[in-house]
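Down below is the structure, laid out as structure tokens.
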Amino acid sequence: MTVRLLYFAWVREKLGQAEETVSLPAELTTVADVLGWQAQRSEIHRNVFTSAGIVRVAVDQTHAQPSVNIKHAREIAFFPPVTGG
Amino acid sequence: MTVRLLYFAWVREKLGQAEETVSLPAELTTVADVLGWQAQRSEIHRNVFTSAGIVRVAVDQTHAQPSVNIKHAREIAFFPPVTGG
Amino acid sequence: MAIRVQTEDFDIGREIAALTAGRIDIGAVVTFTGLVRGASPGKSLATHSLATMTLEHYPGMTEAELERVEAAALERWPLQASLIVHRVGTLAPGDNIVLVVTASLHRQAAFEAAEFLMDYLKTQAPFWKKEAATDGTGDWVDARASDDQAIARWR
Amino acid sequence: MAIRVQTEDFDIGREIAALTAGRIDIGAVVTFTGLVRGASPGKSLATHSLATMTLEHYPGMTEAELERVEAAALERWPLQASLIVHRVGTLAPGDNIVLVVTASLHRQAAFEAAEFLMDYLKTQAPFWKKEAATDGTGDWVDARASDDQAIARWR
């Protein structure tokens, strides 16, 4: 499955990239699975994605809890808690 | 005791006057006393001032309950519940 | 902190700019504007169109009361600035009646103080509204029980 | 009902005028404006002066989220009009960040809807603030627990 991954704020800065297009392993089915997959990609990824639950996820531009299915996602975004307003 | 009496909104319209200067009888000591005195001045006054508790009073530009002393008042105002804002 | 009673209209953008100009200690500004509606509460425009609304007040007491209201707000919330402007005279539907502005570090204080100022103003400040309908009828507006309920929550 | 994300400043008076022009069915307009403060929350200006604040957002999701927030407010309150404007890019102390405007028949709905929109915006809309201090330091602003508490009251 090919999907666009987006990164914002300090997640973007620490990873050194704003977006990438990847083929996710077929066995990943939920947001929690994708977070686990991210955490094992590199030392930097481990630091960013195991900041115990701090990184938030949006699937196709909608806030997504860990249990949300990502099988048909076209765009998955990773970011810290929002601080606008 | 000489005091200035002011009337606003429908109290003013029904009495047909905006203000008057009067000598209040010496035995009047509270706002309640003055309301009672007003009510017996004429048939129109009775109608206005016995509208059971609807007419509000300010003594020297401060909202005043019936028990407030008026012995040293210079200005007593009579008006309906306020409707600004 | 300022209060004004005037016949002229007010410019909300200009009032906010005057309160915040050159300041970097304000994080939140809340404004409330009250306007003349084209029909009385609970009446439809079709059957009871408003022609004008005339606001009478008690000069002297009005200013004293608004200053008391503003002082009471300052005792409860850390406001950087506040403003109350109330119009008097004859107004038409769509016209501005009242403006309240509050400025604080954070939004909760600014929101609460603005609501408090309006609730107090509605029940304490000596203003009275008289409506004239397009059919020639007209009368003084009655005080609303909901305003007395609103003020009770701050006690 | 409108939402906008922009780098330019906004003119509060003009925005209100655009919402209310020609209408006689609006009795109450509430605005909230958020501004950049000269110091971080909890830090004094003397020791930690802010040079700039940069706002990043998630184009596409921001608009979608603000539209969801506005629709949620409309479900709860009878609003005649509403507007959300949020700036992005690099701002200086004293600059406007966000504007929320709500218009209704009565003040309670306008006040509550404005507070609701701000509480949702603070916790749901994908914006992130990065501060740069005058001493060269700087970091991303942390989310505030008080914002999560504020949003909880609407559930």
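Lettering of chains follows the sequences in order, A, B, ..., and the numbering in each one begins at 1. What you see is a predicted model, and the numbers here were worked out from it, not measured in a lab.
- Atoms CD and CD, from D/Glu65 and A/Gln61 in turn, are 10.0 Å apart once rounded to the nearest 0.5 Å.
- Residue-environment remark: CG (D/Leu74) exceeds the threshold of 12 foreign heavy atoms within 6.0 Å.
- When all heavy atoms of D/Tyr58 and A/Ala58 are compared, the closest pair comes out as CE1-CB, 4.3 Å.
- Judged by distance alone, with hydrogens and angles left aside, the side-chain atoms of D/Lys129 form a donor-acceptor pair with the main-chain N or O of A/Gly85 at under 3.5 Å.
- Counting heavy-atom neighbours within 6.0 Å of A/Arg41 CZ, excluding the residue itself, gives a total above 12.
- Ring pair A/Phe8/D/Trp128 is parallel by interplanar angle, where below 30° counts as parallel and above 60° as perpendicular.
- When the heavy atoms of residues 81-96 of chain D are compared with those of chain A, the residues falling under 4.5 Å are D/His86, listed by number.
- For chain A, the option among D/Val141, D/Thr54, D/Val100 with the highest count of heavy-atom pairs below 4.5 Å is D/Val141.
- At most 12 non-hydrogen atoms from other residues, nucleotides or ligands lie less than 6.0 angstrom from CD of A/Gln65.
- Counting heavy atoms of neighbouring residues, nucleotides and ligands inside a 6.0 Å radius, atom CZ of D/Arg14 does not exceed 12 of them.
- Looking at A/Glu13 and D/Lys130, their side chains come closer than 4.5 Å, going by heavy atoms from C-beta outward.
- Taken to the nearest 0.5 Å, the CG atom of D/Asp147 stands 9.5 Å off from the OG1 atom of A/Thr83.
- Shown here are the side-chain contact (heavy atoms from CB on, under 4.5 Å) partners of D/Ala18, two or more places apart in sequence or in another chain: there are none.
- No other option in A/Val82, A/Asp60, A/Thr62 has as many heavy-atom pairs under 4.5 Å with chain D as A/Val82.
- Atoms NE2 and OG1, on A/His63 and D/Thr123 in that order, are 8.0 Å from each other to the nearest 0.5 Å.
- A 6.0 Å sphere centred on CD of A/Glu75 holds more than 12 heavy atoms belonging to other residues, nucleotides or ligands.
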